[in-house]
Structure formats: C-alpha cells, structure tokens
Amino acid sequence: MHWLYISLLIFIALALAALQEFLCQISIKKAKEKGGLLAFKKPQELSVAAYFTWKYAPVLVFVVYGILWQISDFEVKRLEPFYQLSKKTGATAAESLNMDYLTFMSWLVPLKALRYRQYAVIYSSLATLVAGGLVPVLQSASINMYPPKKDRKEDTTKFVLIDPNWSRAVTACLVFVGLCGIILLFQLRRKSGLLSDPKGIAGIAAMATRSHILNDFHGLDTAPQHVIHKNLRHRRYILHKSSLWQGEYIRNSTERIREHGTDSRPLMLTLKAGIPYISFIILFAVAIPIFMFVDGANTVTEKIPFLLTAIATIIKLLWGTIDCDVRMLEPFYILSRRHAPPRTLTLDYTGTVPGWLPIKALMNRHYLVSVVGLGAIMTEVLTVCVSSFSVDGKKFFPGRGHDEKDEPDDRYNSDETFKSFWVSFALVIGILLFLVTIATLVYFRRSHKFMPRQIGTIASVLGFIHQSKMLVSFVDTEKLDSRQMSDYLESLPKTYALGWFSGRDGEDHCGIDEEPVLAPYKYGVDWTKARLLGSHIGTWENY
C-alpha cells in the first residue's frame with residue numbers, strides 16, 4: 001500500500017498500454033505491406049525465444065501483473081475497516097467492525113464497497129479484476145495468425161498480426177487500471193489510526209484492552225454475524241492510537257439488518273458450492289480433449305478465441321476465494337484442535353504474497369494452506385497454457401503431420417509445434433487434475449463446522465475474546481508489531497484453544513482463551529445447558 005508500489009503499478013499499466021498500441025500500429029502497417037510481426041511457413045522455423053514471445057509471453061506478462069495488483073488488493077481490503085474507524089467521528093459497525101471483504105466473492109466486492117462508499121476498495125478491486133481477469137482474456141484474442149485457416153497451405157507464408165479491435169480493448173482496460181491506480185493513490189492519503197500492522201487474533205486483542213468496547217459483545221459468544229450486527233448498530237466506534245473506543249450513540253438507527261443463514265462456513269467451503277465447482281473443473285478437463293481431438297469441435301475455439309482463457313479465468317477467480325477462505329480459517333482451525341502454540345494468535349496469511357505463501361505455510365507445517373496456495377499459482381499457469389489451444393490435436397499424434405500437407409488444418413499450417421502442443425496439453429490436464437484433488441481434500445478437511453460463526457470481521461474476533469482471561473496478557477501491547485508480539489507471547493508458558501471457558505465475569509463462555517478450557521466446541525451444542533453443576537442435582541445416582 002506504499003505510494004511507491006502503487007506508483008509502480010500505475011507506471012506498468014500505462015507502459016503496457018502504450019506498448020500494446022505501439023505493436024498494434026506496427027501490425028497495421030505490416031498488414032498493409034502484406035507482412036506481419038512474424039513471418040514463417042512452419043512454426044518450427046521460429047526460434048524458441050520468438051515462438052515463446054508470440055504464444056505465451058503476452059498472457060504471462062499480464063497474469064504476473066494481475067498478481068502484483070492482487071498483493072495490493074489484499075492489503076487494501078484487510079485494512080479498510082481500520083481506516084473507517086480512524087475517521088474523526090468514527091464509523092458505524094456496518095462500515096467497520098462488521099465489514100468483511102476477504103471472504104466475499106471477489107467480483108461482487110466493488111458493489112459492496114460502493115454501497116458503503118469505501119472508494120479505496122472500489123478502485124483497488126476493480127483494478128485487480130480488470131488486470132488479472134479481463135485483460136488476459138482479451139489479450140489471448142488479440143494476437144492471431146494469418147491468413148485464415150481455410151486459406152493456409154504448407155508453402156504459404158504465415159504472419160502473426162494483432163487484431164486492432166481486441167488490441168484497443170486491451171489498451172483501454174490498461175488505461176482504466178492506470179486511472180484506478182492514480183485515484184487509489186489519492187484515496188490512501190489518509191491516517192489509519194494504527195501504530196503497527198494488526199495481524200491475527202492478537203492484533204485485534206491488543207486493541208481492545210483500554211476501553212469498554214467489549215461490553216457490547218455480552219451474550220454474543222455463539223451469535224451469527226447478523227445478530228452481532230443488529231446488536232452493534234446503535235453505536236459508532238473509533239480507532240485511536242491502535243485502541244478501539246466506543247463513539248457516539250445512535251438513538252434512531254434506521255439501518256436494515258438482512259437476516260441470513262447461520263452457517264459458520266464461508267460459502268465456497270460448503271458442499272453446495274464445492275460439488276458444483278469440482279464438477280465444473282472436471283467438465284473443463286473433459287472438454288479440453290474434445291475441443292482438441294474431436295472433428296469439428298475446434299471450430300468453437302476458432303470462432304471464440306478467448307473461450308478457454310475465459311473459463312480458466314473463472315476457475316482462477318473461484319480458486320482465489322477458496323484460497324483466501326483457507327488462509328483465514330487456519331488459525332481458528334488450529335485453535336479448535338486445542339493446545340495451540342502462542343504463534344497461532346499472530347498467524348495471518350491474508351496479506352502474504354501469493355508466491356511466498358506456499359513456502360511460508362510449508363515451513364509452518366500447514367500443509368493444506370501450502371498446497372492450496374500452490375494451486376493458486378497453478379491456476380495462473382493454466383490461464384497461460386490454454387490461451388494457445390485452437391488447433392486440431394489429431395494432427396499432433398506421432399506419425400501424423402507428414403502427409404496431406406496442403407490441408408488447411410495440417411500441423412504445419414497451425415500455430416503450434418509438436419513440442420509446444422503436447423507440453424501445454426499435459427500441463428493443462430495435469431493442473432486440472434491437481435486442482436480437483438486438492439479441492440476434494442479441502443472439502444474433506446475444512447467443510448465441517450468447527451466454529452460458531454463465520455470469521456473475517458473484527459466484530460467476530462471480539463465476540464470470541466470479550467471475556468477471555470488471556471486479554472490480561474495483551475495490556476500495553478498495541479504498539480508491538482507482529483514479530484515482537486510473537487516473541488512476547490512465546491515468552492509466556494501458555495497454549496490456547498477455541499472452546500468453552502470460564503470467563504473473567506465468572507460465567508461460562510464460548511470463544512478463544514488460554515488453556516485449560518472447560519470443553520472443546522462442537523457446532524450446535526450449547527455446553528452451558530448440558531452442564532450439570534453439583535448444586536443443581538441430588539446425588540451421583542440421580543446424575
């Protein structure tokens with residue numbers, strides 16, 4: 001979120017837009033001269049560098065650029081509630097404590113942010129969606145081989161040209177991304193009210209030790225999000241010097257609370273979303289060979305050159321939602337298993353750079369997070385590989401392609417070489433099978449309900465800790481950064497858990513506290529009602 005990084009993203013967007021238009025103008029000029037950006041009779045004549053630059057480099061560049069935007073977008077979404085709380089008059093709970101952008105469907109985030117007029121999120125998410133989703137799809141359709149397939153013969157010189165219409169669409173999108181970046185740069189010129197980066201459960205706990213804000217969460221231990229929202233709607237909240245405070249009381253709140261299901265899992269981690277998603281990936285994996293090897297089927301990809309790239313982009317966006325959900329749930333899952341080490345309270349994968357995430361999770365022995373993060377990288381590779389599929393795959397069988405060379409759909413008249421076709425095909429099928437395997441593992445390990453409600457908001461965490469005895473350990477820690485906080489907690493001989501515990505008020509509560517806790521949490525079971533105290537019964541035989 002530093003101005004230097006955002007400025008770099010703006011510069012790259014405008015530079016790529018200029019380069020795209022420059023190449024388009026050269027292509028138009030070459031076309032008038034009956035030439036092209038590249039000229040050959042067989043793709044095999046091109047050097048590896050020239051072939052890679054034509055077939056894979058453009059989409060690869062835009063995919064990497066989309067990842068750079070994604071890094072910034074994660075941080076903007078994660079920290080926006082704190083910026084809202086830092087305004088002079090504070091913010092309502094709907095705008096801050098109850099706001100969750102990270103587990104929300106990415107393509108719907110701009111609409112949600114528009115509703116609450118949180119413009120930094122609007123421009124950041126729009127730039128990320130366009131740069132990482134739309135631009136690679138348009139780019140895959142903008143570079144084509146001429147003459148058309150029906151006019152090709154072995155001795156015909158082929159040319160690589162840029163389609164002006166698709167190219168101008170790419171340029172327009174890049175200029176739009178650059179403008180979003182410029183506006184975002186000005187939107188981020190505001191104070192956050194933070195003295196350090198609030199990472200993990202510990203970061204929020206450190207903010208809640210200097211005020212009476214936790215009193216607002218009385219009786220909300222196992223309440224779903226909309227109930228918490230309803231109880232907090234009559235007050236504004238303020239963040240000052242990394243401490244949360246109660247603000248103005250709203251006497252006549254007209255805010256409408258939309259009631260929804262009480263499912264404690266993010267939507268993409270439920271089977272009603274997981275089964276269709278896995279089925280969609282499997283159908284795509286089946287469709288690829290059909291498009292490649294069934295007579296006439298490849299005409300679909302010829303007429304709609306961006307089809308496969310668009311489908312791969314949809315898979316990538318949905319996988320990104322799963323990736324984010326698994327990242328956020330990991331510390332809570334560890335706590336639900338009891339006796340979690342202190343570093344669990346500062347564990348926060350939400351802002352981790354995508355390429356570094358699998359390595360970091362592997363080092364922490366969080367293997368599911370690691371392989372899901374690796375899957376996110378694989379979806380980017382998938383987008384690059386499918387962008388070149390628009391040929392008759394039967395012509396690339398060993399022993400084929402050396403006869404009937406004057407056919408328009410002959411191997412030598414296509415835009416693929418024998419090696420590039422089979423490498424791309426193997427990568428695509430392998431990645432899709434990998435995604436299906438990992439997705440199945442995710443739903444097997446994380447689709448069960450192990451928490452009272454969904455997480456992702458500040459209020460949800462505050463509801464878990466409002467009566468925790470462990471809060472005493474967080475007094476005067478609001479200035480500590482994540483590493484200092486981890487070192488401090490490690491120095492305390494304590495472990496932590498998500499379950500039922502005896503709170504500071506002497507009552508039983510469900511949430512996160514230091515061990516020992518009274519009982520583990522089981523979804524749908526109110527332990528306080530099942531518990532029988534000795535004073536309430538006669539003898540052991542009666543019990």
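Positions are given from 1 along the sequence.
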Start with the C-alpha distance between Gln20 and Ser167, add both sets of side-chain angles, then the distance that settles side chain to side chain donor-acceptor pair (under 3.5 Å), and finish with yes or no. CA-CA 7 Å; Gln20 182 74 28; Ser167 179; 3.0 Å; yes
Assess the residue pair Lys494 and Ser473 against the criterion (side chain to side chain donor-acceptor pair (under 3.5 Å)); give the C-alpha distance rounded to whole Å, side-chain angles, the decisive distance to 0.1 Å, and a yes or no. CA-CA 10 Å; Lys494 297 179 180 180; Ser473 302; 3.2 Å; yes
Derivation and outcome, salt bridge (Lys or Arg N to Asp or Glu O under 4.0 Å), residues Glu515 and Arg338: CA-CA 8 Å; Glu515 293 276 15; Arg338 305 279 301 272; 3.1 Å; yes
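For the pair Lys112 (side chain) and Met99 (backbone), a donor-acceptor distance under 3.5 Å is absent. Looking at Arg233, its side chain does come within 3.5 Å of a backbone N or O of Lys230 through a donor-acceptor pair. Panel note: side chain Arg453, backbone Asp221; a donor-acceptor pair is recorded below 3.5 Å.
Side-chain atoms of Asp100 and Thr457 include no donor-acceptor pair closer than 3.5 Å.
Between atom CD1 of residue Ile228 and atom CG of residue Asp216 there is a gap of 11.5 Å, rounded to the nearest 0.5 Å. If you take CG on Leu195 and OG on Ser243, they are separated by 7.5 Å, rounding to the nearest 0.5 Å. In this structure, Lys449 NZ and Tyr521 OH are separated by 9.0 Å, a value rounded to the nearest 0.5 Å. Here Leu462 contributes atom CG and Leu97 contributes atom CG; the two are 6.5 Å apart, rounded to the nearest 0.5 Å. Summarising the geometry, atom CG belonging to Leu283 is positioned 12.0 Å from atom CD1 belonging to Ile288; distances are rounded to the nearest 0.5 Å.
Legend: side-chain hydrogen bond (donor to acceptor under 3.5 Å, both in side chains) pairs involving residues 171-195, not counting sequence neighbours, sorted by first then second residue: Glu80-Arg190.
In this structure, Asp323 pairs ionically with Arg327, as a charged nitrogen and a carboxylate oxygen lie closer than 4.0 Å.
In this structure, the side chains of Leu357 and Tyr349 come closer than 4.5 Å at one or more pairs of heavy atoms. Counting heavy atoms from C-beta on, the side chains of Trp319 and Ile438 come closer than 4.5 Å. Considering only heavy atoms from C-beta on, Tyr116 stays 4.5 Å or farther from Val121 through its side chain.
Residues Pro354 and Ile71 approach most closely at CD-CG1, 3.5 Å, considering heavy atoms. Between Ser140 and Thr309, the closest heavy-atom pair is OG-OG1, 3.3 Å.
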